Amino acid sequence: MGRIRRHPKFDGVFISGPNDNFRLYTVNLDTNRTIYGEKLFEENGIQYREWNPYRSKLGASIRANARKIFLDRNSRLLYLGASSGTTVSHCSDIITNGIIYAVEFSARSLRELVQNCADRPNVIPILADANHPYEYAPYIYDRIDVIFQDVAQPNQTEILIKNIYRYLKPKEGKFIYAIKSRSIDTTVNPNEIFEKEINKLEAAGMQIMDNVSIEKFQNDHIVLFGRYLEHP
Ligand SMILES: C[S@@+](CC[C@H](N)C(=O)[O-])C[C@H]1O[C@@H](n2cnc3c(N)ncnc32)[C@H](O)[C@@H]1O
């Protein structure tokens, strides 16, 4: 494993091993509890949780050299498609002074999320359909800085745009968007799908700041990092 050190760019993210093939970690906010079978390590009285890039598209993006992840200890994050909390839990380790509104529409996954995050005070699980952003507005009492979306649905770009318009401030709000080409169309070349979805976002007033291929960790996926400029 080697010594664990700070990631050179990202607050709250830690690495070990060679710079071009490192292992990723966050500091475990919920000491001694694991969420998806990840390993725990103690160093100098700090407990680190290994972050598996094959299980988390944000972890994969960091391994694939994302330029920014937009998250820091104070972020207010709206996370769409939280599932049982694999990536949410690492975001919760990073955002120690902020909050994560974690939206998931499968009652079974939400139950696991609630159990997994019971002792993570910065995670608010919400059972809702991300297609209807106004329905969960009563539970969101902060301004949102970043929307993370990983819902794997054919209309995932439209879902993201609706949520951006409802929750992000123009010129300030950021988004992280995992696109799975096979959720949109299995018959079309993934690159054509990615281009089409990027065009939709740009036409809707978004600027793509980084386009990260995570192919090495998850087939036919990219992760876009961008910001909301203005409503067209
Ligand atoms: C690929 S999984 C998410 C994995 C998770 N982001 C992680 O890294 O730990 C996609 C999740 O989105 C949820 N989902 C799909 N459509 C949704 C919708 N319209 N609203 C809310 N959740 C949705 C699914 O139930 C599933 O749990």
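In listed order, ligands and their atoms are each counted from 1. Values below: all heavy atoms of this structure, side chains included; hydrogens, waters and symmetry mates excluded. Please read these numbers as outputs of a predicted model, since none were measured by experiment.
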### Query
With distance as the sole criterion, is a donor-acceptor pair present between the side chains of N155 and N131 under 3.5 Å?
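Distance-only check passes for N155 and N131.
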
### Side-chain H-bond candidate by donor/acceptor type, Y36 with S84, under 3.5 Å
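No.
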
Is [X] near ligand 1, meaning one of its heavy atoms is under 4.0 Å from it?
{"X": "D129", "result": "yes"}
{"X": "F148", "result": "no"}
{"X": "A128", "result": "yes"}

### Task
Only heavy atoms count here, so choose which of G81, A178, S56 is nearest to atom 5 (C) of ligand 1.
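Nearest heavy atom to atom 5 (C) of ligand 1 lies in G81.
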
### Message
How close do R33 and Q115 get, counting heavy atoms only, and between which atoms?
### Response
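Residues R33 and Q115, closest heavy atoms: NH1-O, 2.7 Å.
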
### Query
At their closest point, which heavy atom of N122 faces which heavy atom of I95, and how far apart are they?
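Smallest heavy-atom distance, with atoms named: ND2-O, 2.9 Å.
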
### Message
Assigning hydrophobic clusters by single linkage (Ile, Leu, Val, Met, Phe, Trp, Tyr; side-chain heavy-atom cutoff under 4.5 Å), is I147 placed with Y134?
### Response
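Different clusters.
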
### Task
Determine whether the side chain, the backbone, both or neither of K180 has a heavy atom under 4.0 Å from any heavy atom of ligand 1.
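Within the 4.0 Å criterion, K180 makes no contact with ligand 1.
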
### Task
Output yes when the distance from some N or O of ligand 1 to some N or O of G85 is under 3.5 Å, and no in every other case.
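By distance alone, the answer is no.
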
#### Entry: Heteroatom proximity flag, I159 to ligand 1, N/O under 3.5 Å
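Checking ligand 1 against I159, no N or O pair falls under 3.5 Å apart.
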
